[in-house]
Amino acid sequence: MLNRIDEISGIGLHLDLVLRKVQDAYLRKFKELNIDLTIEQWVILYRIYQVGDDVSQSDIVKSNFRNRATTSRVIGGLERKGWITKTRFEGDLKRFKLELTSEGKRVIATVEPHANLLRKQAIKGLNTNEFETFLRVLDQIGENYNG
């Protein structure tokens with residue numbers, strides 16, 4: 001019989017394996033859709049879309065759990081692809097305003113329905129209580145590392 005230490009010793013490996021499967025599914029879908037897109041780019045592009053017209057780069061940094069340098073690098077890549085524009089807010093020279101271009105909106109329109117299906121696939125076979133428990137457990141594991 002396994003003791004508790006043996007049962008949890010592979011938790012990092014298990015979490016990493018599941019995360020890789022999820023990421024691989026998204027990357028396969030992006031490739032299938034013939035869109036040159038990374039997971040980080042999708043997360044930030046979609047967040048810009050969700051927040052809307054008055055989103056700043058600092059808003060994105062605060063809401064995507066990545067550091068400022070990584071976020072800036074990804075935003076630069078989205079800008080080079082022509083999917084977003086980065087300008088200053090009128091009357092505020094400190095903050096950058098991010099906006100989707102028409103091409104960025106096309107990418108969102110193309111990818112979003114497939115991303116929604118992938119999200120549904122993730123919870124297939126789970127009832128609401130199981131999914132809520134799963135989220136609480138993940139949150140607790142994350143909290144255990146805050147310190």
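Here the structure is a predicted model, which is why all the values come from computation and not from measurement. Along the sequence shown, the residues carry numbers beginning at 1.
In terms of heavy-atom proximity, D54 sits nearest to K97 at OD1-NZ, 4.3 Å. The minimum heavy-atom distance between Q57 and L98, with the atom names listed, is CA-CD1, 3.8 Å.
The local environment of OH in Y26 is crowded, with over 12 non-hydrogen atoms from other residues, nucleotides or ligands closer than 6.0 Å. Atom CZ of F89 sits in a crowded spot, with more than 12 heavy atoms from other residues, nucleotides or ligands closer than 6.0 Å. Atom CD of Q140 has more than 12 heavy atoms from other residues, nucleotides or ligands within 6.0 Å.
L19 and I11 are assigned to two separate hydrophobic clusters, defined by single-linkage of ILVMFWY side chains at heavy-atom distances under 4.5 Å. Cluster membership check: V18 does not share its hydrophobic cluster with Y145, using side-chain heavy-atom separations under 4.5 Å among Ile, Leu, Val, Met, Phe, Trp and Tyr. If you chain together hydrophobic residues whose side chains sit under 4.5 Å apart, I123 and L17 never meet in one group. No continuous path of ILVMFWY side-chain contacts below 4.5 Å connects F96 to I48, so the two sit in separate hydrophobic clusters. Note: the hydrophobic cluster containing L15 also contains V137 (ILVMFWY, side chain heavy atoms under 4.5 Å, direct or indirect links).
For the pair R95 (side chain) and R88 (backbone), a donor-acceptor distance under 3.5 Å is absent.
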N/O donor to acceptor pairs below 3.5 angstrom from side-chain atoms of residues 32-44, sequence neighbours left out:
from, atom 1, to, atom 2, distance (Å)
E32, OE2, K29, NZ, 2.7
T38, OG1, Q41, N, 3.0
E40, OE1, R73, NH2, 3.4
E40, OE2, R66, NE, 3.2
Q41, OE1, T38, N, 3.0
Q41, OE1, K81, NZ, 3.0

Let me check something: any side-chain donor-acceptor pairs from residues 105-117 under 3.5 Å, sequence neighbours excluded? List them with distances.
from, atom 1, to, atom 2, distance (Å)
R106, NE, E103, OE1, 3.3
R106, NE, E103, OE2, 3.0
R106, NH2, E103, OE2, 2.7
T110, OG1, R106, O, 2.9
E112, OE2, Y46, OH, 2.7
N116, OD1, R119, NH1, 2.4
N116, ND2, E112, O, 3.4

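Atom-to-atom distance recorded for L27:CG and R20:CZ is 11.5 Å, nearest 0.5 angstrom. Taken to the nearest 0.5 Å, the CG atom of N144 stands 11.0 Å off from the CG atom of D139.
Here A25 pairs with R28, L118 under the side chain to side chain contact (heavy atoms under 4.5 Å, CB included) rule; sequence neighbours left out. Residues that satisfy the side chain to side chain contact (heavy atoms under 4.5 Å, CB included) test with V61, not counting sequence neighbours, are R68, T71. Qualifying side chain to side chain donor-acceptor pair (under 3.5 Å) partners for D24, counting only residues two or more places apart in sequence or in other chains: none.
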(request) Evaluate side chain to side chain contact (heavy atoms under 4.5 Å, CB included) for D59 paired with S56, printing each intermediate quantity in order. (result) CA-CA 5 Å; D59 294 334; S56 71; 3.1 Å; yes
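For the pair V74 and L45, the minimum side-chain heavy-atom distance is 4.5 Å or more.
Legend: side-chain hydrogen bond (donor to acceptor under 3.5 Å, both in side chains) pairs involving residues 124-134, not counting sequence neighbours, sorted by first then second residue: T133-R136.
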